[in-house]
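Here the structure comes first, spelled out in structure tokens, and everything after it is commentary.
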Amino acid sequence: MRPVILFLFLSSSFAVFSQADTSYHLLWYQGKKIKPNVLLTPGGDTISFNPSKGELKVVSKSGRGKKYDDMLAELNHTPLRIQQMIGRLSKLPKPMQPEYAKAVYRGYNEVKDHYTAILSNVITFPAPLNIPRILTGKGGMPGWDDPEEEVEKVIREFRQYYADHQYDNLKNVPEPPLYDYSYCYEKDKAKQDAYGEAMKQFKAELSGSDIEMLQKAFSLSRTAYFLYPEGAKQRRVFREAEMMVSYTLARMALKVSALVEKYIDDAERAPAVLDVTQSIDRMRVMLGVEGVGEDDMISDDYLVRAIIAVRDRVLRAFDERDYPVALNLEMMFGAERQMYFTGVESKDLLEKALRFNQFKLSSDISAKVSGDGGYMLSQLRGDNWFFAAPDSNCRLKWVQLGPLLNKSKYELVAAELRSNGGVIPYVGTKTWVSDVPKIKVDFCTKEEQDSITAYPFYPDGFKELWQYPPPVGATNVSQMSTVLLGCFVDAERTKADAAYYRNPDNVAKLQKDMMAQYEKLSKDFRSGKITASQKIDLRELSKFANMQDVSRNMTDLIHSADPGRYIFEPTVYNKDKVIIKDKLNGKVLFPGNTATEYAWFHLALEHDPDGPYKVTL
């Protein structure tokens, strides 16, 4: 039954050319001659053929071809769409804008590069048929030996191919490779190469020898163009090539139809299915051999279904707190771009992505020391919010959103100082700060130990005021700062750091690294201040991001030899609201400090999509 289906398909595919003016023949197309090698079909499509380059170009007036042409035209607007989206990002908190702008640029351009190749309205034919012996004689172009026999040989080969393959089971298709939606895939060349190889093998298994026969049909057409003058001989060969093109593409259409039926709604396999289906469908439309209406083998909705599968996979990642996927900003904007030019409803994907990317780092540090009949205790609590963006090394960059931009903020909830002379009240500020903690937490790459390094705390304004009895009065004395630092000194790490920096080479390296960061920061300042223009520029945002990175690096370098660091090496939990929950016990870190009654630093990193910052477009 299958050969009948294919025959009916081939017979109906070219009926449109019997209408209107079909006096001009260009390859297997018929229509009105516009100029040499340019034809207008009865349906209004413009066909151009450049024989020297072997390039066939089709501009469609209506139907599926027009839809693809419109998508291709929209891809050409990518720079404008990038600028428009970056303009919308100006509504985000300032720290988020550079990282999101870079993700827009990469995501949109990746979509453009991928789809431009698939949706191109130009097909390049291979070289004419190869004739082995060089002759310059009658009956053809110089260098061809009995070219007509070579043409007939290819035609016979095609007819044999039809006979040999008419009963093939075209529903027996290979399994498409799985696509990785995590942010690590975007920067992992090994993973991308592996997927590329899997796709190459998948396409080879899917097309089999059909693609080889299709290329021979193209080559035969180009040969006929050069070999024969316009007339009956040339038209005959074009018709043979036409049937070969129709037959092979019909077989491929049946195969991808089976793929669509089986896999298009599977988000992990949909990209591979979409890739081959769209490529074949686009070629069929351009070559004039697509089906008509309900007779078409490839369903009209395959593209929409694939994009919906991707969209729903991302939305599911938000619901499941699947952080490697949900934090793939580049893929997120790429998906948004695909939905835009395919007309798929976004279901507020970007808005949800923005709200999702908000995390609360909660700190609770308390300590008490005693001796000589007195004691001193203090306690700080603070919540600071961050967002995460994958960097160029496939590691998450954690950037603080607030409440402050360049410092982390805490509230003093307990402060007591008692000596033999009585209680000394604390009268200073209850707002305390620290340099922004260094967060090295990741959900994909585990080449390094996840860690969070907090830095020493101090009162806002650097004044820790205690009310001593007259005549001393209110005095700035670092009592709590000392307690919160001294009770958590890691004795073993401090010894190791001291030994490391006794080596002059290590000190020199630290100084060199700090100078390098300082020069980068100075260069950014010298290049001009960031403007307050309403037009948000990617270069301007990149400069701001570089300044953020350099400032972050300088802070970390400064503290790299600081014994007062609080270093956590926690377990990280994916698909959990509480990503990290860890604690430091000062009595364990510094057992030699007998004055410590207790010293605890509790730290938690928690997903907080309903945080206090307006992250919406």
Side-chain angles (χ1 to χ4, degrees), residues 10 13-66 68-69 72-73 116-131 140-144 147-148 150-151 154-155 158 211-250 252 279-290:
L10 303 182
S13 297
F14 307 102
V16 68
F17 294 118
S18 65
Q19 305 169 18
D21 183 354
T22 58
S23 58
Y24 182 52
H25 295 258
L26 181 62
L27 302 177
W28 48 80
Y29 299 92
Q30 296 173 240
K32 179 180 179 181
K33 184 175 183 178
I34 304 300
K35 57 182 180 180
N37 298 320
V38 180
L39 174 149
L40 182 67
T41 70
D45 297 346
T46 302
I47 314 297
S48 308
F49 183 59
N50 184 327
S52 62
K53 294 183 178 179
E55 290 181 348
L56 172 70
K57 182 176 181 179
V58 181
V59 178
S60 301
K61 182 180 179 181
S62 60
R64 219 163 186 158
K66 180 65 164 61
Y68 286 141
D69 283 352
L72 185 62
T116 296
I118 291 176
L119 297 174
S120 172
N121 62 349
V122 176
I123 297 175
T124 301
F125 287 12
L129 297 176
N130 181 38
I131 309 300
M141 294 181 64
W144 286 13
E148 293 195 29
E150 186 70 16
V151 167
V154 172
I155 292 174
F158 164 66
I211 193 69
E212 179 184 349
M213 295 304 295
L214 180 63
Q215 291 297 311
K216 282 192 176 183
F218 291 156
S219 187
L220 179 65
S221 301
R222 199 171 174 192
T223 302
Y225 182 92
F226 287 118
L227 181 61
Y228 302 110
E230 291 185 26
K233 277 190 173 182
Q234 187 187 69
R235 287 197 296 272
R236 172 184 169 269
V237 177
F238 283 157
R239 281 197 298 271
E240 293 287 349
E242 172 185 77
M243 294 299 289
M244 191 184 302
V245 167
S246 300
Y247 180 64
T248 52
L249 284 179
M252 292 183 189
S279 296
I280 291 169
D281 194 37
R282 178 57 159 157
M283 189 177 296
R284 291 165 66 236
V285 169
M286 290 178 60
L287 296 173
V289 296
E290 81 275 18

Please round to the nearest 0.5 Å and tell me the distance separating atom [atom1] of [X] and atom [atom2] of [Y].
X	Y	atom1	atom2	result
S246	R284	OG	CZ	10.0 Å
E230	L26	CD	CG	8.5 Å
F218	L27	CZ	CG	10.0 Å
I123	L56	CD1	CG	5.5 Å
E242	R235	CD	CZ	12.5 Å
T248	M243	OG1	CE	11.0 Å

Exercise for the section: Look at the rings of W28 and F125 and say which category their plane angle falls in: under 30° parallel, 30 to 60° tilted, over 60° perpendicular. Expected result: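 Because their plane-to-plane angle is under 30°, the rings of W28 and F125 count as parallel.
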Evaluate the side-chain proximity of [Y] to [X]: yes if any heavy-atom separation is below 4.5 Å, no if none is.
X	Y	value
T41	Q30	no
V151	T223	yes
P51	N37	yes
M244	V154	yes
N121	Y68	no

If you compare all heavy atoms of [X] against all heavy atoms of [Y], which two are closest, and at what distance to 0.1 Å?
X	Y	answer
L39	I34	C-CG1, 4.2 Å
G43	S62	O-OG, 4.5 Å
M286	V122	CE-N, 3.6 Å
Y24	P36	OH-C, 4.1 Å
V237	A224	CG1-CB, 3.5 Å

Handout entry: Flag for N50-S52: side-chain donor and acceptor within less than 3.5 Å
Key = yes
Practice task
Verify whether one side chain among D45 and Y29 offers a donor that lies under 3.5 Å from an acceptor in the other.
Solution key: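 Side chains of D45 and Y29: no pair found under 3.5 Å.
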Exercise for the section: Taking atom NZ of K33 as the centre, report whether more than 12 heavy atoms of other residues, nucleotides or ligands fall under 6.0 Å from it. Expected result: yes
With distance as the sole test, does [X] use its side chain to make a donor-acceptor pair with the main-chain N or O of [Y] at under 3.5 Å?
X	Y	result
S219	Q215	no
S221	A241	no
E240	I155	no
S120	A117	no

Handout entry: Sidechain N-carboxylate O distance under 4.0 Å for D69, R282
Key = yes
Exercise for the section: Kindly state whether the ring of F238 and the ring of Y225 have centres lying under 6.0 angstrom apart. Expected result: no
Practice task
Check the pair L129 / L220 against side-chain contact (heavy atoms from CB on, under 4.5 Å), numbers first and verdict last.
Solution key: CA-CA 6 Å; L129 297 176; L220 179 65; 4.0 Å; yes
